Amino acid sequence: MSIMAFDWRIVEEKWKEKWLREGVFNADPEPSRPKVFITFPFPYVNGRLHVGHGFSATRLDVYARFKRMQGFNVLFPFAWHWTGEPIVGAAERISKGDEKIIRTLRLIDKVPQEEIEKFTDPVYMARYYMRENKKTAIDMGLSVDWRREFHTSSYHAAFSKFVTWQFNRLKKLGYIVRGTHPVVWCPHCQSPTGDHDRLEGEGVSPELYTLVKFKCNDVFLPAATFRPETIFGATNIWVNPDAIYVEAEVDGERWIVSKPTVLKLREQLRRVEVLRELKGSELLGLMCKTPLTNQSIPILPAKFVDPESGTGVVFSVPAHAPYDWLALRDLKRSPELLKGYGLDPKIVEAINPISIIKVEGFGEYPAIEVVDRLEVKDQADPKADEATRLVYKKEYHTGVMKENCLSYSGLKVSEAKERIAEEMKRAGLADQLYDLPEKVVCRCTTKCIVKVLADQWFLKYSDPEWKAKVKKLLSRMRMFPEAARNYFFEVVDWLRDWACARRTGLGTPLPWDPSWIVETLSDSTIYMAFYIVAKYVNMGLLRPENLTEEFFDYVFLGEGSLEEVSKATGLSPQLIDEVRREFLYWYPVDLRGSGKDLVPNHLTFFLFHHTAIFPEELWPKGIAVNGIMMVEGEKMSKSKGNFVTLKDVIEKYGADAVRCTLMIAAEDMDDPDWRSDACKDIREKLDQVFKFISSVASMPSSGAAGPLERWLLSRLQRRVKAVTEALEQLKNRTALEIALFEIWNDVRWYLRRTQAPCKEALLEVARTWVRLLAPFAPFMCEELWSLLGGEGFVSKAPWPSFNEAKVDYFAEASESLVQQVMDDLREVLRATGMAPSTAHIYVASKWKWDVYLRALEASSPREAIKVAHQVAKELRAKDPKIVQKIAVEASSVGGERREMRLKAGRLDEYEVLTSAKDFLERELKFEVKIWREEGEKVYDPRGRRFNAIPYKPALYLE
RNA sequence: GCGGGGGUGGCCGAGUCAGGUCAAAGGCGCAGGGCUUAGGACCCUGUGGCGUAGGCCUGCGUGGGUUCAAAUCCCACCCCCCGCACCA
């Protein structure tokens, strides 16, 4: 093969086929070999795989390949997620001829028109993307055992049987409960409105308001509030005089609320019967009783009261709520307005704010102070919102209830709030209502409300004992990076019950109530166990009807006896036993990895379900969390049009280049950024490596091995060690940076230094290098491995092990001296601007080395100086200034370099530099003369030689 | 608001846990030179400022502090990104 002709298209095609044909990545139990079971969350099949998938999956694939080369029996399976709504939704939109989605499919996913037409069938669409994405995964070089492939939902009978077993099990264990739950709801679509289905109000979720009930004659006015603790400061009630209110029977009690409140209450499972409508103004002037304190307060008009928000009834706390103070002030300022409503201005004049909360940095009336400070004009001024937030925040965090708050006096506001709400509700003085703090509009343009769904099925993630188990697991798992562990702990604490069934979409019916479908995140928590079963299903040895409850109980949990299970399933005991043993071989999962966006949901659910169902020894061993893919510095999205599919970039740059670009983009939880320029650069770099290594293979033998070769191989060993350590920690970026760039730099320096490259040494470098790169650029490395005469596949070649015997500190120290001298010479050239004809180099005399090496051993600079002078005295050195300099120089050396110099010991600098003389002259283009400081007849017109210190020879240029 | 992660040179990004190897790895970009018919690739040099001798000054979000010594340790503050649920 010519060294110029590296066609990655041919090479990738060739090895891809070989891997598949020979089943290189198929893995079966081998009890004598240690195993590693690595899983990637199956992708959803509503579109093509993108570079984000590529990043997460390649990271795991690199680890899988690394471990495989280390001799582990590695299983890396793959499957597809069909469960959920979006595919069905997309199919519907296509049926309706939605241009937007059709254009996206055509332009981004590049789906042929005739296929798009068939996407009106969601199952067809899922099949299409499953097929396409599998091709891409293979093209990408993922080292997958494809015999275990499957997909989810009822369209895969065997998988459905598995989920049925899982959910029956969870229910039996008491982890599934029934309950009610508030959701954002579109009254038109009659379904929950998720974030992605909204025109307005992204991120808004139902908030729980307390309804404080004020009795007015024989009816109640329930005022909605986030601040029930301020009830002690209530001076009046606000209603909007122009809004329509209703008097209604609510669960047997008579309430007055704004008209839109009726629908809200009904959707929150309240029985509401409207008795009459009335205008807000009709309520003005009536007197109400405050709960707890039983004070009489009037109902007054305020324009800021929104009938759409809460109940349209607000209680006024002018001391602590800016809006209330503003509305009150507005009334005080315009008595004529009151008269218009037939109210006596004296009522308002008599109202004074009541201070009930002590707050740091504020006086009696924080609301008034903030209104004044921000110069809020009136209740219509937008600045009133800011004032409200400010007071709320400050009082919530630092406020304490004053002595006029009954038994709540002295409590922190944050505590009082909870307790008052709770106790008033219990006493029937308050109620509750969910509402949206901001407007939410459905895609269908309908304004959303909160609906409380009754009798939903929940996974009881709130269960403290369940949480405790997960925490136990978390504290002992391997976690990459370590910072993710804390994140998980927080998520576990924060997690509430999860609605685990839905009415629509693809999926597996809930076993005990088939009108529901198991929700998409809930059917994907322990399916890694199914990879073991799937192999037998795909071989035709297991059929869906064999997969009974007894079968899974036995295979996964060891429950029941072989005979019984054999009878129940109609399978041979041998087969059942084989599956059981295979399961026990591969389980538990050693590593599962994905983006950090899956931490608060999928990855945590994965842990929950494992602790619920499996015995401790089968709980997962490790999780890897990575960052979120960016594209050219921006978040990737189909709507933005910056969506990068793996298929496209693999076709353009080749899988090896794509893999390396992704792997060098980020590690740990940092967000990788896809830049096509970077990929182009990597492509060129790989081509260059290929060219070099293939040239080594065809190089005529030459040059004997000497110090330079020892240096090269010593460096190589350091690289081996560093790459291995990085890969163990999934530090892909670090590992590839060393494997691709640092080794390249070493080789370059070697080739520059030597006039006669040594083939043996270069072959050793090449053979090692190819294996270090193989997890990252497997296609190219297979090709190179075979060019170098390597045995079998590089994918299964032994990983280079660090050979300490080849680390040569002396060679490395010598080489660093040469580099130091060259740098110093250049520095002088730069500073003086001269073009010398000769450079004289003077190496330090022996006694200076004695001083230097002793100073180098010292533990601190102070110590180094002390030791240096001591040694110098013993040696009767005359120049304390140079001794000082040696000590300072020695103590400024640290880390790896210090270790190297200590281990190298004394260098014969004269010898080293003499052998590098030709090199220096060649590089610097002037004559180089090397002298010993203590030599005779030394040419040294400026007496420079006395400045020489170890590793820093003195220089004289002329 | 709560929680998680961050702020380093033109850019990306190591270094921070165990203070001195740090004007700060590596990559990209840029500039000069070499090679070449030319361009690309490749190789060399430079890339904070100053400097006719290998040095000095300034510097790692801001302001203090500890230390012989701080990007690294302590305190306070500012800023940025990402989650916050029925959704894959």
Side-chain angles (χ1 to χ4, degrees), chain A residues 41 43-47 81 83-87 181-184 192 194-197 203 205 389 392-393 396-397 453 456 458-459 461 481-484 486-491 493-502 505 519-522 524 596-602 627-628 633 635 664-671 673 675 677-678 681-682 684-685 687-688 691 733-734 736-738 740-742 744-745 748 751-752 820-821 823-834 860-862 891-901 923 942 944 947 952-957:
Chain A
Y44 190 59
V45 284
N46 67 335
H81 204 193
T83 312
E85 294 263 81
I87 296 176
H181 189 72
V183 294
V184 178
D195 239 5
H196 304 293
D197 301 325
S205 55
R389 273 196 299 276
Y392 183 98
K393 218 163 108 176
Y396 184 82
H397 290 102
L453 295 177
Q456 289 228 109
F458 287 89
L459 278 159
Y461 294 139
E482 188 51 43
N486 203 12
Y487 189 11
F488 274 104
F489 274 110
E490 294 300 330
V491 168
D493 276 334
W494 155 93
L495 203 62
R496 303 195 302 256
D497 291 350
W498 181 263
C500 62
R502 296 226 59 180
E519 180 270 337
T520 170
L521 287 178
S522 307
S524 355
K596 58 188 168 193
D597 49 334
L598 297 196
V599 172
N601 42 70
H602 166 73
I628 311 292
K635 228 176 168 173
I664 213 153
E667 64 193 11
D668 293 346
M669 283 199 279
D670 296 335
D671 296 336
D673 186 13
R675 283 173 297 127
D677 280 352
D681 290 339
I682 291 283
E684 280 169 1
K685 193 88 202 158
D687 291 349
Q688 211 180 317
K691 199 165 135 187
R733 181 191 162 94
T734 302
L736 184 55
E737 192 266 318
I738 297 164
L740 196 53
F741 295 110
E742 308 272 11
W744 181 255
N745 287 345
R748 222 163 45 182
L751 293 176
R752 189 173 152 202
Q820 177 70 54
V821 167
D823 287 349
D824 284 351
L825 285 169
R826 285 222 172 85
E827 171 96 17
V828 173
L829 293 181
R830 201 178 317 126
T832 61
M834 62 194 291
S860 73
R862 201 172 298 206
S891 61
S892 77
V893 173
E896 222 171 59
R897 180 179 268 179
R898 181 158 176 266
E899 191 201 351
M900 177 181 81
R901 292 189 178 182
E923 290 280 327
R942 295 280 177 90
R944 283 271 161 70
N947 293 329
K952 220 163 171 52
L955 306 174
Y956 175 63
L957 274 62

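Nothing here was measured: the structure is a model prediction, and the numbers come from that model. Throughout, protein chains are lettered first and strands after them, A, B, ... in sequence-line order, and every chain is numbered starting at 1.
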- Query: Quick one: does A/Val828's side chain get under 4.5 Å of A/Leu957's, heavy atoms only?
  - Reply: yes
- Message: A side-chain contact here means heavy atoms from C-beta on lying under 4.5 Å apart; do A/Arg502 and A/Ser522 qualify?
- Response: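 Contact flag for A/Arg502/A/Ser522 side chains = no.
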Whole-Å distance separating the [atom1] atom of [X] from the [atom2] atom of [N]:
{"X": "A/Glu742", "N": "B/rA25", "atom1": "CD", "atom2": "C1'", "result": "7 Å"}
{"X": "A/Trp494", "N": "B/rC82", "atom1": "CH2", "atom2": "C1'", "result": "13 Å"}
{"X": "A/Leu495", "N": "B/rG4", "atom1": "CG", "atom2": "P", "result": "16 Å"}
{"X": "A/Arg675", "N": "B/rG27", "atom1": "CZ", "atom2": "P", "result": "14 Å"}
{"X": "A/Asp670", "N": "B/rC82", "atom1": "CG", "atom2": "P", "result": "15 Å"}
{"X": "A/Asn486", "N": "B/rG6", "atom1": "CG", "atom2": "P", "result": "11 Å"}
{"X": "A/Asp493", "N": "B/rG3", "atom1": "CG", "atom2": "C1'", "result": "11 Å"}
{"X": "A/Trp498", "N": "B/rC84", "atom1": "CH2", "atom2": "C1'", "result": "11 Å"}

- Query: Picking from B/rG83, B/rA41, B/rG4, which would you name as closest to the side chain of A/Glu684?
  - Reply: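 Closest nucleotide to the A/Glu684 side chain: B/rA41.
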Taking only nitrogen or oxygen atoms into account, show me every contact under 3.5 Å that the protein makes with nucleotides 43-45 of chain B, one pair per line with its distance.
unit_1, atom_1, unit_2, atom_2, d
B/rC43, OP1, A/Trp744, NE1, 3.3
B/rC43, OP1, A/Arg748, NH1, 3.2
B/rC44, O3', A/Arg752, NH2, 3.2
B/rU45, OP1, A/Arg752, NH2, 3.3

Rounding to the closest angstrom, what is the interatomic distance between [N] and [M] at atom [atom1]?
{"N": "B/rU58", "M": "B/rA76", "atom1": "C1'", "answer": "25 Å"}
{"N": "B/rC73", "M": "B/rG19", "atom1": "C1'", "answer": "7 Å"}
{"N": "B/rA18", "M": "B/rU52", "atom1": "C1'", "answer": "44 Å"}
{"N": "B/rA23", "M": "B/rG33", "atom1": "C1'", "answer": "25 Å"}
{"N": "B/rA31", "M": "B/rG55", "atom1": "C1'", "answer": "25 Å"}
{"N": "B/rG9", "M": "B/rG5", "atom1": "P", "answer": "23 Å"}
{"N": "B/rA70", "M": "B/rG32", "atom1": "P", "answer": "39 Å"}
{"N": "B/rG27", "M": "B/rU8", "atom1": "C1'", "answer": "16 Å"}

At a cut-off of 3.5 Å, list every protein nitrogen or oxygen paired with a nitrogen or oxygen from nucleotides 53-57 of chain B, distance to 0.1 Å.
unit_1, atom_1, unit_2, atom_2, d
B/rA53, N6, A/Leu957, N, 3.0
B/rA53, N6, A/Leu957, O, 2.9
B/rA53, N1, A/Arg944, NH1, 3.0
B/rA53, N1, A/Leu955, O, 3.3
B/rA53, N1, A/Leu957, N, 3.0
B/rG54, O2', A/Asp824, OD1, 3.2
B/rG54, O6, A/Leu955, N, 3.3
B/rG54, N1, A/Pro953, O, 2.7
B/rG54, N2, A/Asp824, OD2, 2.6
B/rG54, N2, A/Pro953, O, 2.7
B/rG54, N3, A/Asp824, OD2, 3.3
B/rG55, N7, A/Glu827, OE2, 3.1

- Is a salt bridge present between A/Asp668 and A/Arg733, judged by a nitrogen-to-oxygen distance below 4.0 Å?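 Salt bridge between A/Asp668 and A/Arg733, a charged N being under 4.0 Å from a carboxylate O: no.
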- Task: Quick one: list whatever passes side chain to side chain contact (heavy atoms under 4.5 Å, CB included) with A/Trp494, sequence neighbours left out.
- Result: A/Val491, A/Pro600
- Task: Identify, with sequence neighbours excluded, every residue that meets side chain to side chain contact (heavy atoms under 4.5 Å, CB included) alongside A/Glu827.
- Result: A/Arg830
Under the rule for side chain to side chain donor-acceptor pair (under 3.5 Å), what residues qualify as partners of [X], not counting sequence neighbours?
{"X": "A/Ser205", "result": "none"}
{"X": "A/Asp687", "result": "A/Arg683"}
{"X": "A/Arg898", "result": "none"}
{"X": "A/Asp824", "result": "A/Gln820, A/Lys952"}

- Query: For A/Glu490, which residues count as a salt bridge (Lys or Arg N to Asp or Glu O under 4.0 Å) partner, sequence neighbours excluded?
  - Reply: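 A/Glu490: no salt bridge (Lys or Arg N to Asp or Glu O under 4.0 Å) contacts found.
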- With sequence neighbours left out, the residues meeting salt bridge (Lys or Arg N to Asp or Glu O under 4.0 Å) with A/Glu899 are A/Lys903
Find every protein N or O atom lying less than 3.5 Å from an N or O atom of nucleotides 16-21 of chain B, and list the pairs.
unit_1, atom_1, unit_2, atom_2, d
B/rU21, O4', A/Gly894, N, 3.3
B/rU21, N1, A/Gly894, O, 3.4
B/rU21, O2, A/Gly894, O, 2.8

- Note: A/Gly633 and A/Asp673 closest approach over all heavy atoms is N-OD1, 2.8 Å
- Can a side chain N or O of A/Asn745 be found less than 4.0 Å away from OP1 or OP2 on B/rA25?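 Checking B/rA25 against A/Asn745, no side-chain N or O comes under 4.0 Å of OP1 or OP2.
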- Item | By ring-ring contact (aromatic ring centres under 6.0 Å, His included) - contacts of A/Phe458 (at least two apart) | A/His181
